[in-house]
2 protein chains.
Amino acid sequence: MAVTIKDIAKYAGVSVTTVSRALNGYPDVSEETRAKIKKIAEELNYTPNSIARGLVTNKTQTIGMVVSELIKPGVYHPFFLEVLAGIKAGLKKDRYDLILFTVDPESQDATSYEKLCNDRKVEGAIVEGLRLSDPYIEEIKGTQIPTVLIDIPILTDKVGYVSSDNVQAAFEATSYLIKLGHKNIGFINGHKDAAVSFERLEGYKKALEKNDIPYREEYVIFADFTQEGGYNAFKTLIFEHPEITAIFHASDLMAMGSYRAAKDLGMRIPEDISLVGFDDIELASLITPALTTIRQDTFKMGYTAAKHLLAIIRGEKPQHIVIPHKLVVRDSARKL
Amino acid sequence: MAVTIKDIAKYAGVSVTTVSRALNGYPDVSEETRAKIKKIAEELNYTPNSIARGLVTNKTQTIGMVVSELIKPGVYHPFFLEVLAGIKAGLKKDRYDLILFTVDPESQDATSYEKLCNDRKVEGAIVEGLRLSDPYIEEIKGTQIPTVLIDIPILTDKVGYVSSDNVQAAFEATSYLIKLGHKNIGFINGHKDAAVSFERLEGYKKALEKNDIPYREEYVIFADFTQEGGYNAFKTLIFEHPEITAIFHASDLMAMGSYRAAKDLGMRIPEDISLVGFDDIELASLITPALTTIRQDTFKMGYTAAKHLLAIIRGEKPQHIVIPHKLVVRDSARKL
DNA sequence: CTGAAAGCGCTTACAG
DNA sequence: CTGAAAGCGCTTACAG
């Protein structure tokens, strides 16, 4: 049906060996023969069969992307798309293709991480959005499959990861509020099943400490990165600690929840309460007042993850790569 | 290296033929043999090599998703993720995997649609986000590769498509404004390179016509589905036609632009101007006032596209499948 | 510079 | 119910 290397060989009057070598740019074939073969290949509209090649070379030129819960509201949802775009961009030059795996507890029962990757013979995988308690996490710690994680700190001889400097970012956000004159600063954090939550908490604490503001555990609420979580946490914080004048959030989505809660309580932003978010999702600049937040370069996270994965596949040593962030000052926090 | 069917055959003392048949559930193998083989396969942690199987069966159990401009702001961006989640869900039962192709003018010069699909031997493809002027569009009209498009009307013996009833949806949105008492209704449409723009325009016109309101071409502005486009279009409409009391938008993103423009002009929503959007992106319910809009069931669009593609691959006849939409009334339009 | 041959891991008529 | 053999489309030592 489709034209094969064999057809070309027949037309050109050479062996399939020569055709293969000519088309793959091997030097040991005369330019004349190569030209002839190339011309015929083009005329016949030949497309190499990547499956057949994959079988013999044991390389598929494919990497996997493993994510959980694609559209359930969660940590990574807001910028999944940008990370994905970054990954695709990072894979482009080396002509790797991307196969997308979405996993859930049910599928994970049936298929281990290694099996998932081996079934499709991906040469490596990028993993995003898994909770720390996810069964794949333990497996990845011991895997021999080249893997790069996003925002999940695991480093082995085959596994690296990419993330923002969450400690530093949270430190900057909190310091900014302190510089504005705030002393009673709440923190609406993500859930305890994400490494970033602990890192951001650490940054928050560091900023307080550096400015001699005592850390008060009751000012910190672990929500779940969602809007609803933020909404409830805001109310709790304000009811129980009316002296709070500013709140730092571990995600913009949770900050959106605070906007809603503030409105419900008749509080004005930033007159009555100053808010700072994390992520810089599209919404952040569109809402009124525009949200001051930490921008993560999510495209670059994806791009870097892809490049690093390719490097690991080539045999380089996995690393933790830090992607620069930035505090974006808008209108949701005021000077006290 | 990895364990193969041959290893199992050796351990079990049978031929590879029998192993293959036992593992694939063929009936013509004794239960005793099958049990033994299955047990050994499990013990050896055997994973079938899908590449090898693909080579002989000429089936890859893979479909492609073709999109352009993943993160550039555009029509499909706001709900790409949900469509994708729907596709994954639709593919799950039949155990098809998804390989993601992103295309741009440069890549399209080098690789035709057929070549893109044939290179990876995908059994079919779902296409989303191509402009009508995209070179792939013409190619898809003549392709023999099973294809399902999203929001792009092409119907051949191998190509079907899935979309909302855009005419009806725009008709309902406009009718809603008319019922509220509005007579001078502007329409900020998408660009002319999308089929949905023309369909929505038709629905807008139909609603006016049905209510004996003359259609005024100057009330319609073709923007580009983006926030900036909406912002500029709003200003133009309001400056040139201050009698306008309501505006229907072909996307929520453009409606967001109108929110911003209204704010800049000191106009209140809905007191001074009533707005209706299209899509129901997350933002729509979060912004103040919450945006009245048309909700598209984008998850279902993806799910249906996947199921339909599988059907076409099985030999069924391609169709145009319509996904139900819904007018979601919130606070951005008022009774006149 | 070129070709014959083996082999990648599987499936599938065909024969028994 | 089971096996020997051919073959899917390619790559790659090896020999010349």
Side chain A:T111, main chain A:L116, donor-acceptor under 3.5 Å: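 Checking the backbone N and O of A:L116 against the side chain of A:T111, no donor-acceptor pair under 3.5 Å is found.
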Just how far, in rounded Å, is [atom2] of [N] from [atom1] of [X]?
{"X": "B:K121", "N": "D:dC10", "atom1": "NZ", "atom2": "C1'", "answer": "11 Å"}
{"X": "A:K6", "N": "D:dA6", "atom1": "NZ", "atom2": "P", "answer": "13 Å"}
{"X": "A:L55", "N": "D:dT12", "atom1": "CG", "atom2": "P", "answer": "12 Å"}
{"X": "B:R53", "N": "D:dG7", "atom1": "CZ", "atom2": "C1'", "answer": "17 Å"}
{"X": "B:I5", "N": "C:dG7", "atom1": "CD1", "atom2": "C1'", "answer": "16 Å"}
{"X": "A:N49", "N": "C:dC10", "atom1": "CG", "atom2": "C1'", "answer": "14 Å"}
{"X": "B:K59", "N": "C:dT11", "atom1": "NZ", "atom2": "P", "answer": "14 Å"}
{"X": "A:I51", "N": "D:dC8", "atom1": "CD1", "atom2": "P", "answer": "16 Å"}

Going by an N to O cut-off under 4.0 Å, is there a salt bridge joining [X] and [Y]?
{"X": "A:K39", "Y": "A:E43", "result": "yes"}
{"X": "A:D157", "Y": "A:K317", "result": "no"}
{"X": "B:D119", "Y": "A:R95", "result": "no"}
{"X": "A:K92", "Y": "B:D104", "result": "yes"}

Distance (rounded to the nearest 0.5 Å) between A:I137 CD1 and A:L132 CG: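 A:I137 CD1 to A:L132 CG: 6.0 Å, rounded to 0.5 Å.
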Phosphate OP1/OP2 of D:dG3: any B:S15 side-chain N/O under 4.0 Å: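 Checking D:dG3 against B:S15, a side-chain N or O does come within under 4.0 Å of OP1 or OP2.
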Pairing string, 5' to 3', for DNA chain C - Watson-Crick or wobble contacts under 3.5 Å, brackets [ ] where pairs cross, | to another strand: |||.||||||||.|||
Partner residues of B:E316 under the side-chain contact (heavy atoms from CB on, under 4.5 Å) criterion, sequence neighbours left out: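 Per chain and number, B:E316 pairs via side-chain contact (heavy atoms from CB on, under 4.5 Å) with B:A311, B:R314.
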Residues within residues 16-41 of chain B bordering DNA chain C, heavy-atom distance below 4.0 Å: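 Per residue number, the list reads B:T17, B:S20, B:R21, B:N24, B:Y26.
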NZ (A:K300) with more than 12 external heavy atoms under 6.0 Å: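 Open.
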Criterion side-chain hydrogen bond (donor to acceptor under 3.5 Å, both in side chains) on B:Y161 and B:T147, from CA distance to verdict: CA-CA 8 Å; B:Y161 71 106; B:T147 301; over 6 Å; no
